[in-house]
Amino acid sequence: MQKDIYTLFSHLWDNYIKVTPSALKVHTLLGGGEPIVNDHVAFRTYNLPKLGLEKLAAHFLALGYEQKGEYVFKAKKLYAKHFEHQAPDAPKVFISELKVEELSPAAQAIIHKLADQVPDHLTDTPAFLYTGAPWQVSYADYQTLLAESEYAAWMAAWGYRANHFTVNINKLKDFDTIHQVNAALKAAGFVLNCVGGEVKGDPQVMLEQSSTMADKAEVPFSDGVRTIPSCFYEFALRYPQPDGVLYPGFVEASADKIFESTNAM
Ligand code: OOG
Ligand code: NI
């Protein structure tokens, strides 16, 4: 992996573990002393002109990433794309955006109020990707968003950062199946996302995924500090396509459930 890619993911990782301390335990548990290879890292945003998916993607395209699949999540009002880099072990990047115009006028007004606080050029530097929430938000507004879209609320509280890293199970030396990984996580006390079953996907769709439920961390809302769900860890096992190459894409039906890993338990 080239140095600039490595540097960006190191910054993202350092920022992510501040609010997701259990990620370090995941590495100790699954790594067997070897470094973990990440399958992908995911980001969220609002689809406003100043903050849309393309603003985030630009930084990965500049590093040599290429746009690959597109995904639509109708009920959650989300659109997503994934990006790949040819360098061995460079994580894939999954970026989703919330279709703000499909929310209620009240929710839209809150989100516009947040976006109005963002300086125009904030998105121009790669450090934007781990800048956190570049706005002040009240707990009252967070709760108004939460009642309508958990994604909208998570975004308001946590802003720009890696939403999750994803262990590449294919590269683990001590684990062959996702069931073994899940069993080790549960034995160590992790709570898994069980929406639609612990394992999302199967060998037919060539991708199996599972994830922890998000850690909880403090957010300095404008009207006081509250502890809410932060970020989570995901686990992915890929199967070969007929041509022998591992399936590189994502699976909408599975991703739809992974999004729920930031729900309150
Ligand atoms: C993204 C959920 C989808 C996957 O691997 O399918 C996903 C999110 O929660 O922001 O990460
Ligand atoms: Ni993911």
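Only this structure's heavy atoms are used, side chains among them; waters, hydrogens and symmetry mates stay out. Remember, it's 1-based here, ligands and their atoms both numbered in the order they're listed. Here, residue 1 is the first one in the sequence, and each next residue gets the next number.
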Worksheet item: When the ring centroid of H27 is compared with that of Y233, is the distance short of 6.0 Å?
Response: yes
Discussion item. Between Y151 and W154 (judged by ring centroids, cut-off 6.0 Å), do the two rings come close enough to count as a pair?
Written reply: no
Item to complete: Taking the six-membered ring for Trp and the full ring for Phe, Tyr or His, determine whether the centres of F60 and Y65 are under 6.0 Å apart.
Response: yes
Discussion item. Determine whether Y142 and R226 satisfy the following criterion, side chain to side chain contact (heavy atoms under 4.5 Å, CB included), listing intermediate values before the conclusion.
Written reply: CA-CA 11 Å; Y142 169 81; R226 302 284 181 140; over 6 Å; no
Item to complete: Give a yes or no on whether the backbone of T123 and the side-chain of H59 come within a donor-acceptor separation of less than 3.5 Å.
Response: yes
Discussion item. Salt bridge or not between K76 and E260? Use side-chain N to carboxylate O under 4.0 Å.
Written reply: yes
Discussion item. To the closest 0.5 Å, what do you measure between CD (E198) and CG (L192)?
Written reply: 4.5 Å
Worksheet item: Under a 4.0 Å heavy-atom cut-off, which residues neighbour ligand 1?
Response: H40, R44, F94, N163, H164, Q209, F232, E234, F250, A255, I258, F259
Discussion item. Just checking K99: does its NZ atom have more than 12 heavy atoms from other residues, nucleotides or ligands closer to it than 6.0 angstrom?
Written reply: yes
Worksheet entry | Atoms of the protein (N/O/S only) found under 2.8 Å from the Ni ion (ligand 2) | H40 NE2, H164 NE2, E234 OE1
Worksheet item: How many angstroms lie between CZ in F235 and CG in N193, if you round to the nearest 0.5 Å?
Response: 11.0 Å
